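Below you'll find the structure, written out as structure tokens, and then a few comments.
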2 protein chains.
Amino acid sequence: MKFGNQPSYSLGQRSASTKEALAGEGGNVTLVSQSTLGEINRGRVLQALYDNGPKSRAELARLAGVNRTTITGIVQPMIEEGLLVEGDAVPSDFKGGKPARPIYFNPEAPMLGAVLLLPGRIQTCLVTLSGEIKALTKAEFDPHGDRDMFLTIIKDTLSVTLAQAHQAPFGIGIASGGMIDSDNGVILAVNLAPVLTGLPLVDILQKHFSLPVVIDHHPRALLVGDRWFGPGRGQQTFAAIYTGEVLGGAFYIDGRVYRGLAGSGGELGHTVVQIDGELCNCGKHGCWETVAALPWLRREAARQGMENPETVTCARLVKGAAEGSEAADGLLDRYTRNVAFGILNLQQTLSLNSYVLHGDIAGGGVDAAERVRQHVERLVRKRPNQEISITVNGIGEGHTALRGAAGLVLSSHLKLVI
Amino acid sequence: MKFGNQPSYSLGQRSASTKEALAGEGGNVTLVSQSTLGEINRGRVLQALYDNGPKSRAELARLAGVNRTTITGIVQPMIEEGLLVEGDAVPSDFKGGKPARPIYFNPEAPMLGAVLLLPGRIQTCLVTLSGEIKALTKAEFDPHGDRDMFLTIIKDTLSVTLAQAHQAPFGIGIASGGMIDSDNGVILAVNLAPVLTGLPLVDILQKHFSLPVVIDHHPRALLVGDRWFGPGRGQQTFAAIYTGEVLGGAFYIDGRVYRGLAGSGGELGHTVVQIDGELCNCGKHGCWETVAALPWLRREAARQGMENPETVTCARLVKGAAEGSEAADGLLDRYTRNVAFGILNLQQTLSLNSYVLHGDIAGGGVDAAERVRQHVERLVRKRPNQEISITVNGIGEGHTALRGAAGLVLSSHLKLVI
DNA sequence: TAAGTTTGTGCGAAGTACAAACAAACTGAT
DNA sequence: ATCAGTTTGTTTGTACTTCGCACAAACTTA
């Protein structure tokens, strides 16, 4: 039998700019080998522990639909290694039987280093495998200052934190504001902190501390934090949305963090919701960020003649509305509606059905979330049996981001998710 | 050691509507078993053949980075089964060596049934595993007519096609316009064909033909068609965009078709790009569809006093612009710019970097695509080394959709992609 | 004709998941 | 107090898959 070299009906025309994308002959096929299989399953068992808390071997086996012996085989080496520990026996639910020995992360196991990097301020801490935050250290830096000065500050701050670990942590995770190239570990640009522009922070810290270092942008850390111990726990699909001085987001899709090429997915602030809208600092008009972040809120508050418009927040509006202020209520309604438009677009695009709010809008608590939800419900094209959940993470922004930063290490270094 | 039942810092508050999503205790963890591993790898080898055309065992092994014997082990049973065939020996590139025996899909292997269902018309055909279209049959139906009449027509049409297969096909794939619940195989609603509303077509045809049947919405079939033998071939990440009477899209993300919950992802037509824009038939204002589909184009053509505005198409505008018409050029520019806004939003959200155009806009050929690309480039927040490709599929819409419909069967039935 | 190269195939080793059987630990009825 | 019943976790052997090595087959080049 004779084959044409390529089927002849591949007639699609490509614009000139995609030579290498056409290559195809790269490593785009990867078979799963026997050894990676073990690694995958190990990761999934850990994931099950994160999602469900301490569980016995038998419970884990039921949860994962595998044989009990398989779980034993996976779990035993990790116990011997000191990563996991067996807890006290817990009498079984009813009707007797041998008591179960729940398994969870060893408090004595190595921890994770976490860094939260926002314009002007740094927070570093250690995070245990069970999500506890320790050795929190804070520092400030001049966002317009000298790069070496900044590097000294961040190294010193991290050193103070890491010194409190009783053994070397698994690695260091960084959550940073701005535009991040997470593949190459470079901060591409942070509008409010020019000193960070183009900084290859991962390389620098990796060399300095001799530890694995990963970086990702702030909303994605919030997402991981949500997934780990927040409202995203156990969910397979949801998004995290952050509003503040800027607006950003991140997605958890089918059980994994979505990054996009070079980690550039989720730059939602600059999706357009009003083609001929206000000029955005990105040069476009009518970006979502121009109508659903703090600058808009301040501007509108000022226009309405509200008191102290420069310090208005969603929290204040919720309080004002609850106290009967029509102005606050009206502005809150418009604000939440504007937030809803971006979520609506996301919903129509990806149909994630679940959204966790962070930042200023989360400051508005359940009230604000419920208003957003109602706006989304009203706007979205409903399907049968489709319910959309809008949630706020009540843990507190900083902690979620730090936990998330630590979680980034887990998912990259421990290959927790395939 | 004693564990708290759940870590106490899980304080996230959830809106009331997510009881079951919170459950977590379901089958959300799945370990990969030994036998599924084989299935996965078998699927990936097939995928490699689709992506790269006929290849020898040795080449496949190099492509996938695995041992040659592994490929033999995977491929041999499929050859014996008649799914694949060994081609004539091809002398190796240079420097001698034993000639390679390329392997590809057996033309005698079972084919795939494909149905394209658009308001008022049906196309059915058989598709070989190497993508050839056979036994194409067409029929029409009354979109506002009787349901039983419609069912008779589609069954008859499919029967005519299937009768020409020399053996039972693997299954039947349906690409349908409108809103589809691909999980349950139900057509939820087609604006222009009320007869289809709520029709459980998968169940009906599955019973009638005793074959596996899958359905998905039209843009997703285009996507699969693109991936199979169009511009998306070998790509790991891209989107298909369809513009016509309506506007829709679908995504291929990290090597798999993205569906979203109940297959409701990609309803891009009703993402909002102009909050206070024109009223859309969905009830919202300023949906992308209101500014980037044929109804807008006709309306604007009429407003400009263009001749025969009711038959204007992108193709005609491109022709007019090439012939020096300023009116055509101007309208084409606005049209492509409007299309670009939706792509821009997608790019900011998912960063797919590659988009394949279909439908009316694809009728404008490379010229239209290039205009769209330039608008997107101008609008998007550039990152270093990021190139955005906008492509049209030149094969012809119907064929791509039919191949895609067939491809749907492959990906679901043969588990071609995990 | 011989050396070199590449392809495809046996064969045994290693790693993983699974099924069956069993000891351990607990409950509850007799 | 004893025994049946239940659940947990382990032991043992089996099945499946990939990998490395060795080798025959087929071709080119000197």
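Just so it is clear, the structure is predicted and the values come from calculations on it, not from any experiment. Just so we're on the same page: letters track the sequence lines, and every chain starts at 1.
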**Study point:** Spacing between Arg62(B) atom CZ and dG8(C) atom C1', to the nearest angstrom
**Key:** 12 Å
Proximity to the side chain of [X] - top-ranked nucleotide from [options]:
X: Thr72(B); options: dA19(C), dT9(C), dC19(D); value: dT9(C)
X: Asn41(B); options: dA17(C), dT7(C), dT18(D); value: dT18(D)
X: Pro99(B); options: dT8(D), dA26(D), dC19(D); value: dA26(D)
X: Arg101(A); options: dG20(D), dG8(C), dG9(D); value: dG9(D)
X: Ile74(B); options: dT8(D), dG8(C), dT18(D); value: dT18(D)
X: Thr69(A); options: dT18(D), dG20(D), dA20(C); value: dA20(C)

Practice item. Kindly say whether, by distance alone, the side chain of Arg68(B) makes a donor-acceptor pair under 3.5 Å with the base of dG8(C)? Key: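 Yes, a donor-acceptor pair under 3.5 Å.
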Check your understanding: At under 4.0 Å, does any side-chain N or O of Gln76(A) touch on OP1 or OP2 of dT10(D)?
Key ->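 Indeed, a polar side-chain atom of Gln76(A) lies that close.
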**Study point:** Salt bridge present between Arg101(A) and Asp88(A) (N-O < 4.0 angstrom)
**Key:**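 No.
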Check your understanding: In terms of side-chain geometry, is the basic nitrogen of Asp216(A) or Arg259(A) positioned less than 4.0 Å from the acidic oxygen of its partner?
Key -> yes
Exercise for review: Kindly compute the distance separating OH (Tyr258(A)) from OG1 (Thr237(A)), expressed to the nearest 0.5 Å.
Suggested key: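 If I round to the nearest 0.5 Å, the distance is 14.0 Å.
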